[in-house]
Amino acid sequence: MSDKNYLTTDYTLRSWFLTTDHKRIAILYFASLIFFFFIGGAAATAIRIELATPQADLVSSDVYNRLFTMHGIIMVWFFLIPSIPNTLGNFVVPLMIGARDLAFPRLNLMSWYIFMLGGCITLFAILAGGVDTGWTFYTPFSTLYSNSYVIVAAAGVFIAGFSSILTGLNFIVTIHRLRAPGLTWYRLPLFLWSLYATSVILVLATPVLAITLLLMATERFFGVGIFDPRIGGDPLLFQHLFWFYSHPAVYIMILPGMGVINELVSCFSRKEVFGYKFVAWCSVAIAAVGFLVWGHHMFVSGQSLVASLVFSFMSFIVAVPSAIKVFNWTATLHKGSIHFDAPMLYALAFIGLFTIGGLTGLFLACLAFDVHATDTYFVVAHFHYIMVGGMVTAYFGGLHYWWPKITGRLYSEYWARTAAVLIFFGFNLTFFPQFILGAEGMPRRYHVYPPEFQVWNVLSSGGAAILAVAYLMPLFYLGYSAFHGRRAPANPWNAPGLEWQTSSPPPEFNFASQPVVTRAPYQYNEHFQAEPQNA
Amino acid sequence: MWRQWIPFWRPGLSPHGGDVDLLFAGLLIASALVLALLFFLLVLFCTRYRAGNRTDRDHRVKKSWHWEVGWTAASSVCFLGLFVWGASVYFQIYRTPADEHDVFVVAKQWMWKTQHPGGQSEIDALHIPVRRPVRLVMASQDVIHSFFIPALRLKHDVVPGRYQDLEIEVDKPGHYHLFCAEYCGTDHSGMIGEIVAMEPADFSNWLTQQAPSSPLASEGGQLFRELGCSGCHGGGGTIRAPPLEGLYGKPVPLSDGTTVIADDKYIRDSILMPRSQVVASYQPLMPSFAGKVSEDQLLRLVIYIKSLAGHPS
Ligand code: HEM
Ligand SMILES: [Cu+2]
């Protein structure tokens, strides 16, 4: 076999921008997401600097409103939702199931173009003057009162939604049709179960968002009364529609992260995931029940008390499968042989941060407490623990884990561990104080605030500075490794997954010959007594 | 509730505020226990079973479902308890207020306007007597706002197009923050005010010192005539419309066979959307006043009609 891999088959720009290779498309997504992450991060930095003092000294209130809106829109739709599925997922799904590519390679490329089109339109809205509605676009503010680029930004999000739907479809069909011989559902790595559940949500929920945004544009453009009561609409209708999409969407933002954690925890404790079937079906349960809890964003909106009761109950129910997963990961460590490589540090950080995020989610599901805490910094802290402490941490963990496969290079373990530890501390220092702020009653989306809240805000801003540095570090040591790192062997961690059975980086069509699967995943115990080689 | 039996427990600032604090404490304790258990196990396993450490790794428990069933059941029971607790306090917080001292609140970008029945109105402030329930009737002129008093652990969105009822009660005199908690545009963070809780005697003094131009009810009565409502509802007109005296608070039979209670919401809706709830045995002739009356005027009309409650028709 020639030693050409997917990176070296061709060097032209054309070969990158017209590629149908899932691995190259993953890299395209990867570059785009880094870009968006830094735009969103720059906005976060500006927000935190402004909030270091109670007065308005850095930016005016209109600019501040545009900053947090841009931060939210970019982070949610152009970083979090596509992050793990479109980069890591795109890269490893075919490898993990022993396929040559996704089911629809050209559709995959098209999804990226659609995504970039949506991204560019949203960026244009930001550059042209910005949007000040918050990422939630609540009506009637967004339809009749805001004089910012609402329609343009919504159009960007609307278009990006199609990319999500197509990617979801592609994954579903791929996982159904292209599994290697012998790869039964119960032999599927748990990462794929979680991506499958995610894809189902993407396909079912995203159209609701599209319709909601269309309705919003209709009202704003043509003055048709849909959401504004003055012309016969209902503002709560918007919230119902919006959260009917957006609540399932937060599971789009966390399920893939949970999937990654399964791979990491079992690999670095050299053990099978405890309770494989439970964990697998928990993903499905979360995806299903996740559709029934949207009303918990509306406990103080004036929806009927009985509706609140039902939504609160369902929210407690949906927490059960998440709790099961946390216990199962912990149990996986029991009697393992634990290695603290960088991906494992991220995985352990994930378990801690995700648990805090999840527990505080229960606080918010609890009706009477939510009345006090909703729309305060308690909520901001809660969702950052899930989305940043959870998903972003899992993303970094997965990235480090599959990095040798993606680039064929090893990175500096020392710097990677340092960054992981710094991220953990920076993160907690940034967001833990916000729980206290929220409990004391500081509302979110406030540009100036009463002086008694300053102490916690200063701590939070200080933490954000550490976090910013820590998030920048991988850019350097991973960037360095991509070009100058040591060559990676095919299977640096000695993991049993199919993706490790081919060379690093993989050849253009992934496998020299069709692999056949004969055993359950995560068989570290019987077949892989060997330890990771990278340690 | 039962919190007065707990030693060292500080009572809240309001009847329900204390219940919420207690709930918060319960949630904190429950999650602290879970976190402590989790972190203990994580640290234990990570040190005991770190690679290279010679510990006994034999006799791995044969995988059985007892564990999962165990922790699924344990978390479910725990969650169910918290759910019931949280829900019961919620229902107390948001129970429909009885007829008390009414205050009308109009939210607009970016201020709170409050009005007492006697006509005293304030901007970004609300004076109330302590230890007496006050009923707020809230409306928004433009976008969604949210009336939030952290000290009382109380918040309610103020959604345009409808009235929101909220009962508040403060036990200790003082000044408390009033925030707008639902993002409402440019000066959202400037949409703050204060709740001034006073001893009842001070409060009545304050009310009389404010020397209102005229009580809201009489302003409402004037509007009632200016807008031409009295032409039909005033009796003696040619069009047959239901009389409004003695209406407030009574059940009203509708032409579709159902019955509603004539509360603020019903009156407001009847002015803005007269055709949605037609009184039995009347023709749907009344024109809509949507767009013709402001929130402030609507409030006065409602209060006026309410003031007619005592006069039997
Ligand atoms: C890296 C450090 C970060 C800091 C310091 C930070 C800070 C903040 C702050 C202070 C707010 C609240 C703005 C307000 O309500 O006034 C906020 C909102 C938000 N953040 Fe972050 N954030 C960070 C990272 C992220 C990341 C990585 C994501 C997602 C991947 C994210 C997603 C969001 C979202 C969705 C909102 C809501 C925006 C809205 O209110 O419309 N944040 N962030
Ligand atoms: Cu407001």
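Quick note on labels: first sequence line is chain A, next is B, and so on, each numbered from 1.
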Where on [X] is there a heavy atom nearer than 4.5 Å to chain B: the side chain, the backbone, both, or neither?
| X | value |
| --- | --- |
| S312(A) | both |
| L309(A) | both |
| L236(A) | side chain |
| A439(A) | side chain |

Minimal heavy-atom distance between F278(A) and T72(B), with the atoms involved, is CE2-OG1, 4.2 Å
Highest number of heavy-atom pairs under 4.5 Å with chain B among S315(A), A319(A), S60(A) belongs to A319(A)
For residues 153-162 of chain B, tabulate all N or O donor-acceptor pairs below 3.5 Å that involve a side-chain atom, not counting sequence neighbours.
{"from": "R153(B)", "atom 1": "NE", "to": "D21(B)", "atom 2": "OD1", "distance (Å)": "2.5"}
{"from": "R153(B)", "atom 1": "NH1", "to": "P150(B)", "atom 2": "O", "distance (Å)": "2.8"}
{"from": "R153(B)", "atom 1": "NH2", "to": "D21(B)", "atom 2": "OD1", "distance (Å)": "3.2"}
{"from": "R153(B)", "atom 1": "NH2", "to": "D21(B)", "atom 2": "OD2", "distance (Å)": "3.3"}
{"from": "K155(B)", "atom 1": "NZ", "to": "V371(A)", "atom 2": "O", "distance (Å)": "3.0"}
{"from": "K155(B)", "atom 1": "NZ", "to": "H372(A)", "atom 2": "O", "distance (Å)": "2.7"}
{"from": "K155(B)", "atom 1": "NZ", "to": "T374(A)", "atom 2": "O", "distance (Å)": "2.4"}
{"from": "D157(B)", "atom 1": "OD1", "to": "S146(B)", "atom 2": "OG", "distance (Å)": "2.9"}

Turns out that what part of I192(B) lies under 4.5 Å from chain A's heavy atoms comes down to side chain
SG (C78(B)) and CZ (F316(A)) are apart, to the nearest 0.5 Å, by 9.0 Å
Would you please indicate yes or no on a ring centroid separation below 6.0 angstrom for F369(A) and Y90(B)?
no
F435(A) meets the ring pair (Phe, Tyr, Trp, His ring centres under 6.0 Å) criterion, sequence neighbours left out, with F378(A), Y385(A), F432(A)
Task: Aromatic ring pairing H334(A)/F45(B), orientation class (parallel under 30°, perpendicular over 60°, tilted between) - done: tilted
